[in-house]
Undergrad: 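Here's a structure for you.
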Amino acid sequence: MKLYDSVELAARNLREAMLRNSLTTLGIAVGVASLVAMLSLGVGLQRMASRHLKSSGLFNTVVVTSRRDLRAFNREQETSGPSAADSPDLDEAARQKIAAIPGVAEAYPELRFITELRYDDKPHLTMVSGMAFSSGDSDSLEGMQGHFFSSDVAHEVIIQKNFAAELLGRAQPRGPEELKASEVGGPLLGKQLIMRYNERIASSNTEDSASYSVIQREVPLTIVGVTELDPDSMRGAMRARVFLPEKLLESIHPMQAFDNRDATHATSAEPSYSTLIARVSGASKVAEVEDAIKKLGFNTFSILDASKSMQRFFRILDMFLFIFGSLALTVASIGIVNTLVMAVLERRREIGIMKAIGASDQDVRGLFFAEAGAMGLLGGSLGVILGWAIGKIIGIGTNIYLRRQGFPPDNFWAVTWWLVVFALGIAFIISLLSGLYPAARAAKLDPVQALRYE
Amino acid sequence: MGGTLIRAVDNVTLTIGDGEFVALLGASGSGKSSLLNLLAGLDSPTSGTVVSGGKDLSRLSRAQLAIYRRGTVGMVFQSFNLIPRMTVLENVELPLRFAEVDRAKRLDLTNRALARVGLSGRLHHRPVELSGGEQQRVAIARALVTEPKILLADEPTGNLDSRTGKEVMDLIRDLNRSSQMTVVLVTHEHAIAETYAARMISLADGKIVSDVANAKAAASRGDA
Ligand SMILES: Nc1ncnc2c1ncn2[C@@H]1O[C@H](COP(=O)(O)OP(=O)(O)O)[C@@H](O)[C@H]1O
Ligand SMILES: [Mg+2]
C-alpha cells in the first residue's frame with residue numbers, strides 16, 4: 001500500500017474512535033509540552049546568563065593578577081608556572097611582556113577610583129574607570145548613544161545611563177520601566193563635566209617607595225557617549241559609571257581607592273599593578289593568551305573561565321530538565337501503546353478481512369504505524385504550542401512577581417526553532433516506537449483465526 | 001490445550017480446472033472452509049502442496065501470498081465481512097489500495113464493479129444501511145474489483161433468505177460464465193449446489209467422499 005493511502009486510512013481510523021484517540025493525543029501533547037517547557041527554561045536561563053556575561057565587558061579581555069595578590073580571582077588555578085612565592089611582580093616589565101604576547105592588542109592597568117564629578121555646578125560622587133581605546137569596536141558598547149573617544153588621550157568621558165539620569169536630576173527607575181540610553185543621551189552629549197581627583201606624586205628624595213605626596217586637581221571633560229552597560233553585572237575595570245580613555249587616566253596619575261603595593265607586597269621598588277587588563281584581538285584567541293600569561297606566572301581570569309563553569313552547570317541542569325520532561329513523554333508513549341493494542345484487539349476481524357482481500361503484513365503494519373505517527377505529530381504540534389504557552393504564562397507571571405519585588409524583568413524563557421524541531425522529532429519517533437509492538441502484533445495476526453465465524 | 005488432533009482437511013487430492021464452477025458440500029465441521037482457506041493462501045497445509053496457476057503456494061513467502069490473494073483470488077464470506085466504518089465505495093476500493101492502483105483508475109474500477117452487481121446508487125452508504133443481499137453484492141463487487149481468476153465463496157447465501165440468496169447465486173453464475181472466473185462455492189445446501197455447480201465435491205471429516213459432475217447445471221449452461 002502506498003504511504004498516502006496508509007495515512008488516509010489511518011486518519012479515518014483515528015477519527016472513528018475520536019474520544020479515545022483524542023485523549024491519547026492529548027497525553028502526547030502534555031508530554032511534549034512538559035519537555036518543551038523544561039528545555040526552553042534551560043535554554044532561556046543559559047541565554048540569560050550569557051547575556052549578563054556578555055554585558056560584563058569581559059569579552060576579549062583577560063584579567064591578570066599577581067599570584068601573590070591575596071585578592072586573586074581564583075586561587076585554585078595555579079596549575080602551571082611558578083608557585084606563589086616565586087611568581088614575578090606585576091610591574092611595568094611584566095606589562096611589556098604581556099603586551100608582546102601574540103594576540104594581545106593592549107595591556108593596561110586597571111585604574112578605578114571613586115571621585116567627585118561636577119555637572120551644572122552640582123557634585124556627584126561615583127566610580128571612575130579607564131576604558132581601553134581598543135575596546136571601541138567591541139560588542140560591550142552595544143546600544144551606546146553618541147560616539148567613542150576621539151583619541152586615547154582626549155579629555156572625553158563615556159557615562160553609564162543611570163549616572164546620566166542622575167546628572168539630569170531624574171529619579172533612577174527601579175523596576176520594569178528600564179531606562180534607555182537614548183532617553184538621557186540627547187541633553188547630555190557635548191556637555192562638560194569637571195572631574196576632581198587626587199594626583200599621586202612619588203617622592204623623589206627617598207628610597208622608600210611607599211611614600212608619596214598627593215595634589216588635588218580638577219580636569220574638564222566632555223561627555224561624548226552614554227552607554228547601556230550595567231555596572232552590577234560587570235567585572236573588574238568595567239565596574240564603574242564613568243569611563244575615561246585609559247591612556248589619559250594613566251597620564252594624570254590618579255590616586256586609587258587602594259594602593260597597589262600594599263596589596264601585592266611588591267619585592268622591588270618598581271611600581272607594580274594590582275590588576276592588568278590584557279585586551280585580546282579576537283575572542284578566539286582568549287584561551288591562547290590566557291595560557292601564555294599563566295606561563296609567565298600570573299593568575300588570569302577571562303570569559304572562558306566564567307563560561308566554563310557556567311556551561312558545566314547548564315549541562316547538568318539541562319540533563320535534569322530533559323529527564324523530568326521525558327518522564328511525562330514516557331507516560332504518554334505508554335498511552336499510545338495501550339490505545340493501539342486495544343485497537344488491534346478490537347479490529348482483529350477487520351485486520352483478518354484486510355489480509356483476506358490482499359493486504360500484506362507490511363500493509364497492516366504500515367497502517368498502525370501511520371496511526372501512531374499521526375497521533376505523535378498531532379500531539380507533538382499541540383504540545384509545542386502548549387509548552388510555548390505555558391512558558392509565556394510562567395514568564396509573565398514571574399516578571400509580575402519580579403516587578404513587585406522591585407527587580408527589572410528578565411527573559412529566562414526561550415523556545416528556539418531547533419527546540420521545536422527537536423520536540424516534534426522526539427514526539428514522532430517516540431510514537432513510532434510505541435507503535436512498534438502493536439503494529440507487529442497486528443501484522444502477525446492469523447487471518448483464519450481472525451475470520452472464524454463467532 | 002486440547003489433546004485431540006483434528007485433521008480438518010485430510011488426504012485430499014483435487015484438481016480444479018480453469019473456469020470451472022465447483023461446489024464443496026458437506027456437513028458443518030467437515031472441513032469445507034479449511035480447504036477453501038488453503039486454496040486462498042490464507043492457510044498452509046501441514047503436509048502436501050497447493051498449486052494454483054502453476055505456483056506452489058507452500059513455497060511462497062508471506063508477502064508473495066499477499067500478492068497472490070490480492071491478484072488472483074477474490075473471496076466472499078457467509079457473514080459478508082465488510083468493514084463497517086467504511087462506505088460501500090471505500091469497501092470495494094480497498095483491495096485496489098493494497099494493489100497500489102492509481103487513484104483515478106481505482107475509482108473507475110470500483111464504479112464498474114458496483115455497476116456489475118447493480119449497486120451504483122448506494123456508493124456512500126455504510127454496510128449497516130444495506131440489506132443482507134445488498135451487503136453480499138457489495139462483498140462480491142469487492143471480490144471482483146481486482147479482476148481475479150478465482151472466486152472463492154464460503155456459504156455466500158448462508159445468511160440470506162432464499163430469494164436474495166438466489167439473486168446472489170445468479171450473480172456468481174454470471175461471473176463464472178461471462179468472465180470465465182473459476183468459482184469454488186462452499187455450501188451445505190445440496191439444492192444450491194445442484195442448481196449452479198457443474199461439479200459437486202462432498203467432504204466428510206476432512207476427506208473427499210464423492211466428486212461428481214452435475215449434468216443438470218452443466219446442461220443449463222446453454223440456456224443463459
Ligand atoms: N483453528 C482451529 N482450531 C481448532 N479446530 C479447528 C480450527 N480450524 C478448523 N478446526 C476444526 O476443523 C474442522 C473443519 O472446520 P471447517 O473447515 O471450518 O468446517 P466447515 O467449514 O466444513 O464447517 C472442524 O472440526 C473445526 O472445528
Ligand atoms: Mg465453514
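Each chain gets a letter, A, B and so on, in the order the sequences are listed, and its residues count up from 1. Since the structure is predicted, the reported quantities are computational estimates derived from the model, not experimental observations.
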Undergrad: Taking all non-hydrogen atoms of both residues, which atom of B:Phe98 and which atom of A:Gly358 are closest, and how far apart?
TA: CB-O, 3.8 Å
Undergrad: Measure distances from B:Phe77 to the heavy atoms of chain A and classify the residue's part below 4.5 Å as side chain, backbone, both or neither.
TA: side chain
Undergrad: If you check every heavy atom in residues 10-33 of chain A against those of chain B, which residues fall under 4.5 Å?
TA: A:Arg12, A:Asn13, A:Glu16
Undergrad: How many angstroms lie between atom CG of A:Asp446 and atom CG of B:Leu42, to the nearest 0.5 angstrom?
TA: 8.5 Å
Undergrad: Checking heavy atoms, do the side chain of A:Asp5, its backbone, both or neither come under 4.5 Å from chain B?
TA: both
Undergrad: Can you tell me which of B:Arg62, B:Arg97, B:Arg70 forms the most heavy-atom pairs within a distance under 4.5 Å of chain A?
TA: B:Arg97
Undergrad: Take a 6.0 Å sphere around CG of A:Asn399 and say whether it holds more than 12 heavy atoms from other residues, nucleotides or ligands.
TA: yes
Undergrad: Do A:Arg349 and B:Ile83 touch side chain to side chain, with heavy atoms closer than 4.5 Å?
TA: no
Undergrad: Take atom CG in B:Asp18; do more than 12 heavy atoms of anything else shown fall under 6.0 Å from it?
TA: no
Undergrad: Who are the side-chain hydrogen bond (donor to acceptor under 3.5 Å, both in side chains) partners of B:Asp161, not counting sequence neighbours?
TA: B:Thr164
Undergrad: Select one option (side chain, backbone, both, neither) describing which atoms of B:Ile67 are under 4.5 Å from chain A's heavy atoms.
TA: neither
Undergrad: Is any side-chain heavy atom of A:Lys2 closer than 4.5 Å to a side-chain heavy atom of B:Arg103?
TA: no
Undergrad: Which atoms form the tightest heavy-atom contact between B:Arg69 and A:Ala356, and what is the distance?
TA: CD-O, 3.9 Å
Undergrad: Applying a heavy-atom distance below 4.5 Å, give me the residues of residues 419-441 of chain A that approach chain B, sorted by number.
TA: none
Undergrad: Measuring heavy-atom distances to chain A, does B:Asn37 have an atom under 4.5 Å in its side chain, in its backbone, in both, or in neither?
TA: side chain
Undergrad: For residues 380-394 of chain A, which side-chain donor-acceptor pairs fall under 3.5 Å, sequence neighbours excluded?
TA:
unit_1, atom_1, unit_2, atom_2, d
A:Ser381, OG, A:Leu377, O, 2.7

Undergrad: Heavy-atom count check: over 12 atoms from other residues, nucleotides or ligands less than 6.0 Å from B:Lys166 NZ?
TA: no
Undergrad: Answer yes or no: is there a side-chain heavy-atom contact under 4.5 Å between A:Leu9 and B:Leu94?
TA: yes
Undergrad: If you tally heavy-atom pairs under 4.5 Å against chain A, which of B:Leu96, B:Val73, B:Asn81 wins?
TA: B:Asn81
Undergrad: Can you tell which part of B:Glu90 gets under 4.5 Å to a heavy atom of chain A, answering side chain, backbone, both or neither?
TA: side chain
Undergrad: Is chain B contacted by the side chain of A:Ile353, its backbone, both, or neither, given a heavy-atom distance below 4.5 Å?
TA: side chain
